[in-house]
Asks: 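Sending over a structure as structure tokens; questions will come in a sec.
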Amino acid sequence: MISATPRILARPVGLALLMGAVAASSASAAVVFDNTLNVQPGFKADTSKQYGDEISLSGTDRYVTELRFQYQGDFELTIPTPTATVRIYANDGPSALPGQSTAPRPGTLLWESGPLNLAPGDNVVSVAPNVLVPNVVTWSIEFSGLSGAPGDRAALTISSPPTVGGQLPGGVIGSFDDYWVKVDPSNSESWAIKKIEGQPSNFYAHVTAIPEPSTVALAILGFGGLAYFQRRRSTR
């Protein structure tokens with residue numbers, strides 16, 4: 001009879017610890033990349049292509065909880081509504097074309113948003129990938145349902161330089177001044193490195209992350225077990 005009581009009491013304690021740890025982890029998400037200052041004129045995207053910015057993340061948290069980006073919609077609302085698809089890739093593909101760079105192209109697809117409805121004007125969009133990523137990734141966007149002609153197109157916001165990000169060669173923070181474009185949508189090896197003439201080539205983005213969930217889960221189990229035994233000891 002005595003041993004049963006601590007078990008009943010331990011359940012709400014463990015649940016409270018679990019909920020508290022999860023809430024605290026989400027609330028304390030670290031900013032691992034930020035390029036939202038010094039906004040430049042928008043980059044007019046070709047709607048038949050996919051555009052990506054390779055970014056290096058700061059710190060050690062790698063479970064991405066939020067990716068925030070900005071675009072300008074130069075179009076009138078129609079049916080069907082224009083959309084965008086956001087993706088995150090590991091840069092583990094073949095090296096870029098000779099003469100461009102020795103950097104590996106975007107390769108393994110880590111996460112895909114599915115179609116996001118677009119709106120006219122300046123818009124900041126937040127998505128929740130909830131995915132574990134390596135130190136360097138490429139996030140990309142692909143617009144659909146727009147012709148690309150004036151009055152029927154979208155533009156990514158350009159911002160530079162990043163203020164938060166991993167250290168890159170040459171003292172560069174977060175991202176080099178270029179971008180990836182997937183020239184052939186059906187060819188995973190058609191990614192090419194490009195630059196915007198006369199202005200920076202970094203896309204506006206803000207990324208937050210938390211520690212890997214398995215690490216958090218182990219900590220929760222540890223605290224939960226400690227609370228259980230402390231509760232049991234106190235009832236003896």
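Throughout, numbering of the chain's residues begins at 1 and tracks the sequence. Predicted model, so just to flag it, every value in this text is computed and none were measured.
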Asks: Minimum heavy-atom separation for Ala84 and Phe143, please, with both atom names.
Replies: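 Looking at all heavy atoms of both residues, the closest pair is CB-CD2, 3.9 Å.
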Asks: Between atom CG of Leu77 and atom CG of Asn117, what is the distance when rounded to the nearest 0.5 Å?
Replies: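 Here the rounded value is 9.5 Å.
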Asks: Treating Thr83 as the side-chain partner and Pro115 as the backbone partner, does any N or O pair qualify as donor plus acceptor under 3.5 Å?
Replies: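 Here the side-chain-to-backbone pair does not exist.
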Asks: Starting from Ile210, can I reach Val127 by hopping between I/L/V/M/F/W/Y residues whose side chains sit under 4.5 Å apart?
Replies: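 The answer is no; the residues belong to distinct hydrophobic clusters.
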Asks: First locate atom CG of Asp122, then atom CG of Asp74, and finally report the distance between them rounded to the nearest 0.5 Å.
Replies: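 Between atom CG of Asp122 and atom CG of Asp74 there are 11.0 Å.
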Asks: Does the side chain of Asn135 reach to within under 4.5 Å of the side chain of Leu57, using non-hydrogen atoms?
Replies: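 Not touching, per the 4.5 Å side-chain cut-off.
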Asks: Please examine the side chains of Asn202 and Asp178, heavy atoms only from C-beta on, and report whether any two atoms are closer than 4.5 Å.
Replies: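 Asp178 vs Asn202: side chains apart.
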Asks: Which atom names give the shortest non-hydrogen contact between Pro82 and Phe75, and what distance separates them?
Replies: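 Scanning both residues completely, I find the closest heavy atoms to be CG-CE1, 3.9 Å.
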Asks: Determine, stepwise, if the pair Ile88 / Val133 fulfils side-chain contact (heavy atoms from CB on, under 4.5 Å).
Replies: CA-CA 9 Å; Ile88 297 177; Val133 302; 4.3 Å; yes
Asks: Taking the side chain as every heavy atom from C-beta outward, state whether Asn91 and Trp180 have any atom pair closer than 4.5 Å.
Replies: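 Yes, side chains in contact.
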Asks: If you measure from OG on Ser126 to CD on Glu66, what distance do you get to the nearest 0.5 Å?
Replies: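 The OG atom of Ser126 sits 3.5 Å away from the CD atom of Glu66.
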Asks: For Asp61 versus Ala30, what's the shortest heavy-atom pair and its separation?
Replies: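 Between these two residues, the closest heavy atoms are OD2-CB, 3.6 Å.
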Asks: Counting the benzene-type ring for Trp, do Tyr179 and Phe43 have ring centres under 6.0 Å apart?
Replies: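 Distance test on ring centres: under 6.0 Å, yes.
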Asks: Please report the closest heavy-atom contact between Ile173 and Val164, naming both atoms and the distance.
Replies: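 Shortest heavy-atom separation between Ile173 and Val164 comes out as CG2-C, 4.1 Å.
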Asks: Is it the case that Ser147 and Asp152 place a side-chain donor and acceptor less than 3.5 Å from each other?
Replies: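 On atom types as modelled, these side chains qualify, holding a pair under 3.5 Å.
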Asks: Are any non-hydrogen side-chain atoms of Val207 and Val64 less than 4.5 angstrom apart?
Replies: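 The answer is yes; the side chains approach within 4.5 Å.
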Asks: Ala205 and Thr36: which non-hydrogen atoms are nearest, and at how many Å?
Replies: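 In this case the closest contact between Ala205 and Thr36 is O-CG2, 3.7 Å.
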Asks: Quick one: do Glu54 and Val136 satisfy side-chain contact (heavy atoms from CB on, under 4.5 Å)? Show the steps, please.
Replies: CA-CA 7 Å; Glu54 183 175 338; Val136 177; 3.5 Å; yes
Asks: To the nearest 0.5 angstrom, please state how far the CD atom of Gln50 sits from the CH2 atom of Trp191.
Replies: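 Going from CD on Gln50 over to CH2 on Trp191, the span is 4.0 Å.
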Asks: When rounded to the nearest 0.5 angstrom, what distance separates CG in Leu67 from NE2 in His206?
Replies: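 Spacing of CG (Leu67) from NE2 (His206) equals 10.0 Å.
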Asks: Stepwise, does the side-chain contact (heavy atoms from CB on, under 4.5 Å) test hold for Asn35 with Thr163?
Replies: CA-CA 6 Å; Asn35 183 36; Thr163 55; over 6 Å; no
Asks: Answer yes when Glu142 and Arg87 have at least one side-chain N-carboxylate O distance shorter than 4.0 Å, and no when they do not.
Replies: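 Yes, this pair counts.
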Asks: Hey, quick one: are Val32 and Tyr204 part of the same hydrophobic cluster, counting side-chain heavy atoms closer than 4.5 Å, chains of contacts allowed?
Replies: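 No, Val32 and Tyr204 fall in different hydrophobic clusters.
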Asks: By the definition side-chain contact (heavy atoms from CB on, under 4.5 Å), identify the one residue from Ser140, Ser175, Pro162, Ser201 that meets it with Asp53.
Replies: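 Of all the options given, the one that passes is Ser175.
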Asks: Do Ile55 and Val137 come close enough that some side-chain heavy atom pair is under 4.5 Å?
Replies: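 Touching, per the 4.5 Å side-chain cut-off.
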Asks: According to a 4.5 Å side-chain heavy-atom criterion applied to Ile, Leu, Val, Met, Phe, Trp and Tyr, with indirect links allowed, do Val181 and Phe203 form part of one hydrophobic cluster?
Replies: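 Per the 4.5 Å side-chain linkage, Val181 and Phe203 are co-clustered.
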Asks: Using a strict threshold of under 4.0 Å (side-chain N to carboxylate O), is an ion pair present between Lys195 and Glu197?
Replies: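 No salt bridge links Glu197 with Lys195.
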Asks: Given side-chain contact (heavy atoms from CB on, under 4.5 Å), test Thr157 with Phe69 step by step and report yes or no.
Replies: CA-CA 8 Å; Thr157 299; Phe69 65 95; over 6 Å; no
Asks: Can you tell if the side chain of Tyr63 reaches within under 4.5 Å of the side chain of Val131, non-hydrogen atoms only?
Replies: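 Answer no - side chains too far apart.
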Asks: Hey, do the aromatic rings of Tyr89 and Trp139 have their centres closer than 6.0 Å?
Replies: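 Ring centres of Trp139 and Tyr89 not closer than 6.0 Å.
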Asks: Would you tell me whether Thr208 and Thr65 have side-chain atoms, one donor and one acceptor, within less than 3.5 Å of each other?
Replies: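 Thr65 and Thr208 do have a side-chain donor-acceptor pair below 3.5 Å.
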Asks: Identify the heavy atoms of Gln72 and Leu156 that sit nearest to each other, and give their distance.
Replies: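 Nearest heavy atoms, Gln72 then Leu156: OE1-O, 4.0 Å.
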Asks: Within the 4.5 Å heavy-atom criterion, are Glu189 and Arg105 side-chain neighbours or not?
Replies: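 They are in contact (side-chain heavy atoms under 4.5 Å apart), so the answer is yes.
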Asks: Do the non-hydrogen side-chain atoms of Pro134 and Leu110 ever get within less than 4.5 Å of each other?
Replies: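 In contact.
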Asks: State plainly whether one hydrophobic cluster holds both Leu116 and Leu118, where clusters connect Ile, Leu, Val, Met, Phe, Trp and Tyr through side-chain heavy atoms under 4.5 angstrom apart.
Replies: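 Same hydrophobic cluster.
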Asks: Let me confirm one number: the CG-OG distance from Asp34 to Ser159, rounded to the nearest 0.5 Å.
Replies: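 Answer for the CG-OG pair, Asp34 versus Ser159, is 8.0 Å.
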